[in-house]
Every structure is written in structure tokens, then in C-alpha cells.
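Input: a single structure, listed below in C-alpha cells.
Residues: numbered from 1 along the sequence shown.
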Amino acid sequence: MERRTIGAAALAVGAVGLGCMPMSWAYSGSRQRGDESVRAVNRALDLGSTLLDTADMYGPFTNELLLGRVLKERREDAFVSTKVGLLVGEQHIVANGRPGYVRRACDASLRRLQTDVIDLYQLHREDPEVPVEETWGAMADLVRAGKVRALGLCAMGARGGRRTGNRLHDATIRQLRRVQQVFPVSAVEAELSVWSREAMETLLPWCAERGIGFLAAMPLGNGFLTGTLTPGQGFEPDDVRARHPRFTAEMMAANQPVVSGLRRVAARHGESVTPAQVALAWVLAQGPHVVPVPGAKRERWVTENAAATALRLTARDLTELAELPAALGSWD
């Protein structure tokens, strides 16, 4: 698989990563099977999808434990990215950026992941009660201590800006400027897909200009861009899409033209090419510093996603994808 670099430290990873969250968090709990997920992770590493993206809050904790089962045997094959800064309660999630907590959380993640170093440690969310410079400084200390190799930041979820007309990622860029004064940012993780392109306005070029890697979260639109979901099919109560405005039957039906466009492009490249692969190839085409991180929990999908690196979209393809209708429905 093609390799891409993350940040000034030139950390090399496979061009398509693996988002591990669906294996134990947020999607259809009845379909989460540990042994099946372990096989999927091993398959990803076999194919060169080396970047494994997780977080301590996924589960909580169980996602890191699952990855630890693989890393115990294959640590040298993997690039491990995990996150800190969010605590999961019974019915709520709260931010915690206190330096003491960051240090303890890192040690706990290392134990669960069964490794002595985290390749990329990301701040999941800023704690409004703690200056972000203090949180970032504690994370930088972990690099100096040899527990972490590089630091990353997850883009703030300021989706309300879409309703007011403000640029979505302005707050994230202000935050990035602040933490850059403390310690270099190697990567930013933010949503980017054919039906969610807001990062292209300011955040993506901002990262490119500074040699910062961009991890494209949700490049398959929470599964919608795969073309495997049917309007009105329903979702399990614990699935985030059950409460998502874009996944009502009406909005899924209204946004089918987006999937149809992906199918048309896929058909030009052969019967075996899928809408998901076109969607990932489009993300890859946004710059050499971009690494899509599609979520998956089965070997079949991991294999399909990895194959997207071999798909080269033509100028005609890219023009057609750029002209797809804007997605309908709120993203909040």
C-alpha cells in the first residue's frame, strides 16, 4: 500500500487507516464481536493499513483492550493513534484536560494497548475549565518522557456554525495556533467526505501549508456513502444513526443522488469497484497529507477499503464528484 507521512516528524503510515470505534462503540452493539474485530485488525495490518485509530472513551476502554490483543503480537506492524480528554458517564460525556489526569490516562492507555509507546496521542476535546496550553503541555511532557511519539488534535465539533453561516473550523484553527506555541502539532483529525466537505474551506489548506497531517474522519459518511444502507431500514437504539437527522428515512431517500453519483463513477472503473472505494479515493485525492480513516469491524470491509488506494480517479471523475448535489438535512 502507498505510504503517507504525518507531520514534521515524517511518521509513515498506510494511505488508508482503520477507525476502530465501530468495533465497540456507537454502532449496533449486537453486531460487535471481539474475535471478528481482532481478525479485521490483523487483516488491516496485513494489507498495509497500519494506522489504527482508537480512544480511551470508546467502550469506554474496551476498544483499547481489543487492540491490545493484536498489538501484543504485532506492535511493530502498527501505527497506534489514541485519544485523551473525554470521560464517559452514564448519560453524558465531559471533558477533562487537567494535566494530572492526562498523565494518568496515558499510562492507563499504554497498559490497555499493551505497548510502551503511543505513536500519535490526540486531544479529543478541549476542557473549557483548563487552558488548552496546560493540557497540551502535559501531553508534550509525555513525548519528552518517551511515552508518546507525536501529538494530534481532533477538530472541535462546532457544527452550529453551519446554521449561522460562520466557517466551521475557525475555532479549531485558533486552538491550533495556541497549542503550536507550546509543542508542534503533527496531525489534525476532522470529518471529511464527499457529503461533508467543510474542512476543505480553511482547515485542510491550513494543515497543508504547515506540513501537518490530516486524518479524515468519517470518510464514508457513517456508512451512507457505501451504498449498502436502505432508506427506512432502521437502526438499533444504541446506534448513533438512530438519532441522526441525516439518517431518517426521508433524508436517506433525499440524499440517494449522492450515492448514485458514486455508483456512476465506480462503474467506469470496473464491476468490482464500489461506491465506498470511490468515496475513499476522492478523500485521498485531496492531498498527499490526507489519510482517510474509515471505520470497520469486519475483514470484508477492511479489505475493500484498503483496495481504494489502487483506484486513480480521472479529471472527469473529480469534476463529476465536485458537482454532486449538496447533502440535505441537518448534520447536528
Side-chain angles (χ1 to χ4, degrees), residues 1-6 13-19 44 47-49 51 168-169 188-209 213-231 246-247 251-296 300-329 331:
M1 181 183 290
E2 172 195 350
R3 305 276 281 180
R4 295 194 168 188
T5 56
I6 292 179
V13 298
V16 171
L18 174 61
L47 294 169
S49 290
L51 192 156
L168 174 65
H169 290 298
V188 173
E189 184 164 347
E191 185 177 353
L192 177 64
S193 70
V194 166
W195 81 342
S196 186
R197 308 183 187 213
E198 290 80 3
M200 295 172 66
E201 182 182 359
T202 55
L203 186 58
L204 195 62
W206 193 93
C207 291
E209 290 169 3
F214 188 96
L215 307 187
M218 293 177 277
L220 297 178
N222 298 85
F224 184 82
L225 301 177
T226 66
T228 61
L229 302 180
T230 303
R246 279 198 186 173
F247 285 89
M251 286 299 98
M252 288 179 70
N255 283 315
Q256 284 304 307
V258 179
V259 176
S260 296
L262 293 170
R263 290 190 192 280
R264 285 193 301 273
V265 173
R268 289 203 289 269
H269 290 270
E271 293 182 359
S272 64
V273 177
T274 67
Q277 290 171 334
V278 174
L280 292 174
W282 178 87
V283 174
L284 287 164
Q286 302 313 307
H289 65 305
V290 179
V291 177
V293 188
R300 172 188 174 185
W301 305 126
V302 167
T303 302
E304 179 178 318
N305 294 341
T309 59
L311 178 59
R312 295 293 180 263
L313 299 178
T314 66
R316 176 188 175 189
D317 296 333
L318 293 170
T319 297
E320 188 169 329
L321 294 172
E323 294 174 350
L324 288 177
L328 300 174
W331 198 239

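Using a 4.5 Å heavy-atom cutoff, the side chains of Ile6 and Leu51 are in contact. Residues Leu321 and Leu262 have side chains in contact (heavy-atom distance under 4.5 Å, counting atoms from C-beta outward).
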Report task. For Leu204 and His289, run side-chain contact (heavy atoms from CB on, under 4.5 Å): C-alpha distance rounded to whole Å, both residues' side-chain angles, the deciding distance at 0.1 Å, then the answer. Result -> CA-CA 9 Å; Leu204 195 62; His289 65 305; 3.7 Å; yes
Query raised in the report: Should Ser196 and Met218 be marked as a side-chain contact (heavy atoms from CB on, under 4.5 Å) after you check the CA-CA gap, both sets of side-chain angles, and the distance that decides it?
Result: CA-CA 9 Å; Ser196 186; Met218 293 177 277; over 6 Å; no
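Scored by the ring pair (Phe, Tyr, Trp, His ring centres under 6.0 Å) test, Phe224 finds Trp195 as partners (sequence neighbours excluded). With sequence neighbours left out, Thr228 forms a side-chain hydrogen bond (donor to acceptor under 3.5 Å, both in side chains) with Thr226. Listed by chain and number, the residues in a side-chain contact (heavy atoms from CB on, under 4.5 Å) with Pro231 are Met252, Ala253, Gln256 (sequence neighbours excluded). Checked against side-chain contact (heavy atoms from CB on, under 4.5 Å), Ala296 has the following partners two or more places apart in sequence or in another chain: Leu18, Trp301, Val302, Asn305. Considering only residues two or more places apart in sequence or on other chains, Arg4 meets the salt bridge (Lys or Arg N to Asp or Glu O under 4.0 Å) condition with Glu2. Every residue two or more places apart in sequence or in another chain that forms a side-chain contact (heavy atoms from CB on, under 4.5 Å) with Ser260 is listed here: Arg264.
Closest of all the heavy-atom pairs between Leu225 and Gly221 is CD1-N, 3.9 Å. Contact between Val293 and Gly19 at its shortest, heavy atoms only, is CG1-N, 3.5 Å. Across Glu201 and Pro205, no two heavy atoms sit closer than the pair O-CG, 3.8 Å. Contact between Arg3 and Gly14 at its shortest, heavy atoms only, is NH1-N, 3.9 Å. In terms of heavy-atom proximity, Ala15 sits nearest to Pro292 at O-CD, 3.2 Å. Considering all non-hydrogen atoms of both residues, Ala190 and His169 come closest at CB-CE1, 4.3 Å.
For the salt bridge (charged side-chain N to carboxylate O under 4.0 Å, His left out) condition, no pair includes a residue of residues 272-288, sequence neighbours left out. Here salt bridge (charged side-chain N to carboxylate O under 4.0 Å, His left out) pairs that include residues 274-284, with residues two or more places apart or in two chains, number zero.
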Output side-chain donor-acceptor pairs under 3.5 Å for residues 275-286, partner residues at least two apart or in another chain, one line each.
| from | atom 1 | to | atom 2 | distance (Å) |
| --- | --- | --- | --- | --- |
| Gln277 | OE1 | Thr274 | N | 3.1 |
| Gln277 | NE2 | Glu304 | O | 3.0 |
| Gln286 | NE2 | Trp282 | O | 2.7 |

Which donor-acceptor pairs under 3.5 Å do side chains of residues 308-315 form with protein atoms, sequence neighbours excluded?
| from | atom 1 | to | atom 2 | distance (Å) |
| --- | --- | --- | --- | --- |
| Thr309 | OG1 | Ala306 | O | 3.0 |
| Arg312 | NH1 | Thr309 | O | 2.5 |
| Arg312 | NH2 | Thr309 | O | 3.4 |
| Thr314 | OG1 | Arg316 | N | 3.4 |
| Thr314 | OG1 | Asp317 | N | 3.0 |
| Thr314 | OG1 | Asp317 | OD1 | 3.4 |
| Thr314 | OG1 | Asp317 | OD2 | 3.1 |

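Panel note: side chain Arg263, backbone Gly227; a donor-acceptor pair is recorded below 3.5 Å.
Atom CZ in Phe247 sits 4.5 Å away from atom CG in Asn222 (nearest 0.5 Å).
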